[in-house]
Amino acid sequence: MNRQQTLHKRYALPRALVVAIVVTASLAGSTRAEELEPSNAKPYPPGELGKVVRLGEEIVANTAQHPLSRKYVGNSLNCTSCHLNSGRHARAGSFLGTASAYPAWSPREERVITLEDRVLNCFMRSQNGVRPPNGSRVSVAITTYITWLSEGSSIKMNGQKPLGPNHTPTLDLDGLKPNVERGEKLYANRCADCHGAGGVGTEEGPPVWGDMSYNDGAGLSRNPKLASWLKVAMPLDDATLTAQEALDIAAFINSHKRPKFVLSEHLPKNDQLGEYNGKRE
Ligand code: HEC
Ligand code: HEC
């Protein structure tokens, strides 16, 4: 199976098992993210700009399938899988105000990066894919959407990290030690309905480990990052984990195999790193 075909097989589970899990999940009264927080709705800008904002929003919600983004995605996640409600969630990977922090210093890249760079880097790690070219339609659309969500925030460039003012709050884990066995039990009780006992996802939730999940270069592959995110994000309709529970589950999830990150495999060829996107006379 080539990469493209793998990408389209969204939930790699036997049909009967999927049905069983979906039935269980709906009996448990699960809620999709879209049904949560219908707030912070605002009108789109008029004209072409509004169209590009909406295009960006569609790509963020449907990254693994959208014709403009899918060739750059190497797993079955979408940006909204972690940036909940397409980044409109107030705390779980929020895009509200994000654009106001850029250009920002990035310790990982050891240089100042733009919001566009930040967007493109998430394709390489969290999406386990290939970095789209700077200036490409997909890149401009997503960056335009995030900038629109940031309207009204005053610019305050971040000289420490490439993170916006509403980034996921860092969980205080002082004195806590992760316990994988406890995490396993908690996962079975609180997460497996939607993410599958084997972690590979169901119709109700994306894979949390294995080939179709984020790779080991992604932020969430680090336990404190994942625990902080889980604290405000999961279980989807009921984010009530304690710090200890979040850490235990994070350690359990990240104890499983996932794709290995090797930078050179995620960068496009040099001549595709950037492109001229203006009109040629
Ligand atoms: C597997 C989870 C995951 C996926 C999928 C993902 N991201 Fe992220 N992204 C993160 C995490 C974690 C951070 C760190 C931000 C935080 O702590 O709030 C982040 C940070 C960012 C930031 C910087 C936010 C800030 O506050 O400055 C941007 C922009 C971003 N991601 C864009 C995207 C886009 C666009 C996509 C889809 C192409 C995407 N991400 C897919 C997990 C993910
Ligand atoms: C009601 C179903 C449901 C439950 C229960 C649930 N999740 Fe999720 N989870 C989702 C959905 C759906 C998404 C993607 C968000 C979206 O697309 O709106 C998600 C996203 C995630 C992600 C980021 C994307 C990825 O697949 O890596 C992680 C990690 C995660 N969940 C872990 C957990 C953990 C741990 C628990 C238990 C504490 C849990 N979830 C409980 C439905 C659920």
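Start at 1 and go down the list; that is how both ligands and their atoms are numbered. None of the values given here were measured: they were computed from a predicted structure.
- Under the 3.5 Å distance criterion, the side-chain polar atoms of R54 are left unmatched by any main-chain donor or acceptor of L49.
- Heavy atoms of W229 approach ligand 2 to within less than 4.0 angstrom.
- Contact annotation: for A233 versus ligand 2, there are no heavy atoms closer than 4.0 Å.
- Every heavy atom of Y72 sits 4.0 Å or more from the atoms of ligand 1.
- Contact annotation: for R118 versus ligand 1, heavy atoms closer than 4.0 Å belong to the side chain alone.
- Comment: R88 engages E57 in a salt bridge, judged by a side-chain N to carboxylate O separation of less than 4.0 angstrom.
- Nearest to atom 24 (C) of ligand 1 among the protein's heavy atoms is T98 CG2, 3.9 Å.
- Ranking protein heavy atoms by distance to atom 15 (C) of ligand 1, first place goes to L163 CD2, 3.6 Å.
- Ring orientation note: the planes of H83 and F95 are close to parallel, at an angle under 30° on the 30°/60° scale.
- If you look at L77 next to ligand 1, the close heavy atoms, those under 4.0 Å, all belong to the side chain.
- Side chains of N75 and N128: a donor-acceptor N/O pair is absent below 3.5 angstrom, by distance only.
- Here the protein contributes H83 NE2, C122 SG as N, O or S atoms under 2.8 Å from atom 8 (Fe) of ligand 1.
- Under the 4.0 angstrom criterion, atom 19 (C) of ligand 1 counts as having a protein heavy-atom contact.
- The single protein non-hydrogen atom nearest to atom 14 (C) of ligand 1 is K225 NZ, 3.8 Å, given as residue, atom name and distance.
- The distance from ligand 2 to the heavy atoms of L84 drops below 4.0 Å at these ligand atoms: 15 (C).
- Closest to atom 12 (C) of ligand 1, if we only count protein heavy atoms, is L220 CD2, 3.7 Å.
- Among residues two or more places apart in sequence or in another chain, the ring-ring contact (aromatic ring centres under 6.0 Å, His included) test is passed with W209 by Y187, F252, H256.
- Between D117 and R131 there is a salt bridge, since at least one side-chain N of the basic residue sits less than 4.0 Å from a carboxylate O of the acidic one.
- The closest approach between D193 and ligand 2 stays at or above 4.0 Å for every heavy atom of the residue.
- When the shell of 6.0 Å around CG of N270 is examined, it contains 12 or fewer heavy atoms from other residues, nucleotides or ligands.
- Below 3.5 Å of separation, one finds an N or O of T168 facing an N or O of ligand 1.
- Residue C191: no N/O/S atom is found under 2.8 Å from atom 8 (Fe) of ligand 2.
- Hydrophobic clustering, with ILVMFWY side chains joined whenever heavy atoms are under 4.5 angstrom apart, keeps V52 apart from W148.
- Atom CG of L263 sits in a crowded spot, with more than 12 heavy atoms from other residues, nucleotides or ligands closer than 6.0 Å.
- With a 4.0 Å cut-off on non-hydrogen atoms, N78 does not touch ligand 2 at all.
- Other residues, nucleotides and ligands place more than 12 heavy atoms under 6.0 Å from the CG atom of D216.
- R258 places a side-chain N or O within donor-acceptor distance of the main-chain N or O of Y214, the cut-off being under 3.5 Å.
- Between the side chains of E116 and T143, no donor N or O sits under 3.5 Å from an acceptor N or O.
- Closest protein heavy atom to atom 26 (O) of ligand 1: G164 N, 2.7 Å.
- Contacts with ligand 1 closer than 4.0 Å are made by backbone heavy atoms (N, CA, C, O) of P162 only, the side chain lying farther away.
- When only modelled atom types and interatomic distance are considered, D248 and N179 share no side-chain donor-acceptor pair under 3.5 Å.
- Ligand 1 has a nitrogen or oxygen under 3.5 angstrom from a nitrogen or oxygen of Y102.
- More than 12 non-hydrogen atoms from other residues, nucleotides or ligands lie less than 6.0 angstrom from CZ of R182.
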